[in-house]
> 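Here you go, one structure.
The sequence lines fix the lettering, A, B, ..., with proteins before strands; numbering per chain opens at 1.
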There are 2 protein chains.
Amino acid sequence: MKLPKGKRLTKQRKVILEALKGVKTHPTADEVYDMVRKSLPKISLGTVYRNLDILCEMGLIQKLDIAGRQKRFDGNPKPHCHVRCIECGRVCDVDYEPSIELKSKNFSGFKVLGYSFDFFGICPECQLALDGDSDM
Amino acid sequence: MKLPKGKRLTKQRKVILEALKGVKTHPTADEVYDMVRKSLPKISLGTVYRNLDILCEMGLIQKLDIAGRQKRFDGNPKPHCHVRCIECGRVCDVDYEPSIELKSKNFSGFKVLGYSFDFFGICPECQLALDGDSDM
DNA sequence: ATTTCTGCAAACGATTTGCAAGTAA
DNA sequence: TTACTTGCAAATCGTTTGCAGAAAT
């Protein structure tokens, strides 16, 4: 792994990156904290936040700009679409590639750098839970 | 204006709605607070937050699920695309209608209810400011 | 009259930060 | 050996909430 100048490869940083790469979910910072505490019980939540930001700057992971109070992190830094459960907040990858035709659109003078296209709905688990509720 | 049962039309609620309808920007709660304090100097920020949520429930406005620390509010409740400036956070409407073909896509078992499609980039003002910086 | 609503202030949850001690390079 | 990092705790930021008085129905 090549590091930017002045950045060090600490045990904490390595464990956080491996935890995120080893999972297909899109955990929040405190979920990452719980994951890495198994191997680094003394790590602090502040360190997790700091390293998640640094790994984003390094382009190894991404912070998702998706609804919900807590930010979520994705071990895959390549832009792609997600679905978010409006009940539990769970985020999953989606096999969908939007076809964007930007010609002759009014962008109010903005220099457009990219886009985010995300779906929302109810995840399988919450569908079951909601169905169960309506039976009672 | 028809109100849901148990909801009252207070002066504060009316002024907040008119402020948001009368503007093409997408202000944050505290920007709305500043706007309405001109006519209601004693209004509290808590009241602004409460009424913005209620106006959302009533379907008269919408809360934008767009990046940035603060939520933004839109006097137009109809779903539509936005551009967001990554420098200053400003949000503008975009004349763009995505063509979504959802057939045979993998949504991980989610019941999909909708989507949000937003662009990001640099607004005209921040382009000028950044150009100015690079000249110095 | 009865409920909803308001202003105020305190509480809250997520994230950031200052600092002294620890550690990678 | 020196600059970056850590753990800890306090601070900050945006938003929510409890409550007693005020206002809409």
> Once you round it to whole Å, what is the distance between P of C/dT23 and CZ of A/R13?
15 Å
> Counting N and O atoms only, with roles assigned by atom type, does the side chain of A/R84 sit under 3.5 Å from a partner on the main chain of A/A67, one being a donor and the other an acceptor?
yes
> Scan residues 39-51 of chain B against DNA chain C and write down, sorted by residue number, each residue with any heavy atom closer than 4.0 Å; if none is found, say none.
B/K42, B/I43, B/S44, B/T47, B/R50, B/N51
> For B/K7 and for B/D53, find the nucleotide of DNA chain D with the closest heavy atom, then tell me which residue's nucleotide is more 5'.
B/D53
> What is the distance from atom CZ of A/R50 to atom CD1 of A/I16, rounded to the nearest 0.5 Å?
10.0 Å
> List in chain and number order the residues that pass side-chain hydrogen bond (donor to acceptor under 3.5 Å, both in side chains) with B/S44, two or more places apart in sequence or in another chain; answer none if no residue qualifies.
B/T47
> Has B/Q12 got a side-chain atom pairing as donor or acceptor with B/L40's backbone, closer than 3.5 angstrom?
no
> Which whole-number value in Å describes the distance from B/L9 CG to C/dC5 P?
10 Å
> Taking any heavy-atom pair under 4.0 Å as a contact, classify A/K11: base, sugar-phosphate, or nothing.
nothing
> What is the distance from CD1 of A/I54 to C1' of C/dT15, rounded to the nearest Å?
15 Å
> How many whole angstroms separate atom CD1 of B/I16 from atom C1' of C/dG7?
13 Å
> Can you name the atoms? Protein N/O to nucleotides 10-12 of chain C N/O, anything below 3.5 Å, with the distance.
none

> A/D93 and B/S108: which non-hydrogen atoms are nearest, and at how many Å?
O-OG, 3.5 Å
> Reckon A/Q12 has a side-chain N or O less than 4.0 Å from the OP1 or OP2 of C/dA24?
no
> What residues, two or more places apart in sequence or in another chain, satisfy salt bridge (charged side-chain N to carboxylate O under 4.0 Å, His left out) together with A/R90?
A/E125
> Do the rings of A/F119 and A/F117 sit parallel, tilted or perpendicular, given the 30° and 60° boundaries?
parallel
> So with a 6.0 Å cut-off around NZ of A/K21, is the heavy-atom count from everything else above 12?
yes
> If we ignore hydrogens and angles and just use 3.5 Å, is the side chain of A/D74 paired with the main-chain N or O of A/Q62 as donor and acceptor?
no
> When you measure from the side chain of B/K111 to the backbone N and O of A/I122, does any donor-acceptor pair fall under 3.5 Å?
no
> B/R8 or A/T28: which one's nearest nucleotide on DNA chain C is closer to the 5' end?
B/R8
> Using whole Å, report how far CZ of B/R69 lies from C1' of C/dT17.
14 Å
> Under the rule for side-chain contact (heavy atoms from CB on, under 4.5 Å), what residues qualify as partners of B/D34, not counting sequence neighbours?
B/R37
> Name the first nucleotide and the last nucleotide along DNA chain D (5' to 3') that come under 4.0 Å of a heavy atom in chain A.
D/dA3 to D/dC8
